[in-house]
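The structure under discussion appears below in the form of structure tokens.
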Amino acid sequence: LTLSNSTTGDTQTITLGWIDGMADDGRMFVKKIGNPSVFTIDAAFQGFLPKAPSDFREPHLFSKNVIDITGIHYKDSKKEFHLALDDSLGWTLTDPAFDDTDQATVNTYIAWLARFKAIEFVEAGEMVDLGNETISMTFDFSDGSPSTTIAMGGLVPDTDPPLFYARQD
């Protein structure tokens with residue numbers, strides 16, 4: 001394992017050994033490259049090591065700051081609506097227009113969306129489209145950044161429990 005300081009360019013490499021089964025609390029052997037000493041660390045460290053490069057990918061379906069959302073446009077095969085954030089009224093349904101938008105429901109939905117994570121990343125060539133039942137949600141932002149669309153589609157074949165394809169554009 002090599003760690004680098006991007007400012008100074010300094011690096012430090014350690015090698016990790018097997019778990020010390022003789023220790024009561026379970027420890028791993030560690031040695032710094034360039035130092036003859038060997039020491040032990042808590043074996044729980046092993047759980048923090050990446051299993052694959054995808055461990056460092058952003059798993060959240062929505063990865064922007066929810067505070068900056070000013071509009072949500074939802075569309076599926078049967079319905080379409082638009083929510084806009086008004087400075088004095090809060091969230092309002094503008095298309096179709098209603099004057100009694102439930103603020104708690106909209107805020108709960110946005111909070112849920114911010115926590116929602118991908119289960120698995122699909123290889124680029126594996127998914128051609130999202131399937132027939134595509135749902136799209138486009139988000140507008142107050143910070144001037146471009147709109148972001150989240151699209152959800154058909155079932156991923158042979159998954160139990162069922163998984164659905166999704167992407168953020």
Heavy-atom closest contact (S147 atom, D140 atom, distance)
OG-OD1, 2.6 Å
For T101 and T92 the tightest heavy-atom approach is OG1-CA, 3.3 Å
Got a sec: does the [atom1] of [X] have more than 12 other heavy atoms crowding it under 6.0 Å?
X    : atom1 : value
E80  : CD    : yes
L49  : CG    : yes
K117 : NZ    : no

Would you say that [X] contacts [Y] through its side chain, given a criterion of any heavy-atom pair below 4.5 Å between the two side chains?
X    : Y    : value
I69  : F141 : yes
F139 : K64  : no
I135 : F164 : no

Decide whether L89 and F81 are clustered together by the hydrophobic rule: side chain heavy atoms of Ile, Leu, Val, Met, Phe, Trp, Tyr closer than 4.5 Å, transitively.
no
In one Ile/Leu/Val/Met/Phe/Trp/Tyr side-chain cluster, 4.5 Å: W112, V66
yes
Side chain of N5, backbone of T8: donor and acceptor closer than 3.5 Å?
yes
Does any N or O in the side chain of D42 come within less than 3.5 Å of the main-chain N or O of F45, such that one atom is a donor and the other an acceptor?
no
Just checking, is any N or O donor in the side chain of T11 or S4 under 3.5 Å from an acceptor N or O on the other one?
no
Distance from [X] atom [atom1] to [Y] atom [atom2], nearest 0.5 Å?
X    : Y    : atom1 : atom2 : value
I110 : I67  : CD1   : CD1   : 9.5 Å
T108 : D102 : OG1   : CG    : 8.0 Å
T148 : M137 : OG1   : CE    : 11.5 Å
Q103 : W91  : CD    : CH2   : 9.0 Å
I14  : M28  : CD1   : CE    : 8.5 Å
L61  : R115 : CG    : CZ    : 13.5 Å

Anything under 30° is parallel, anything over 60° is perpendicular, the rest tilted; go ahead and classify H82 against H73.
perpendicular
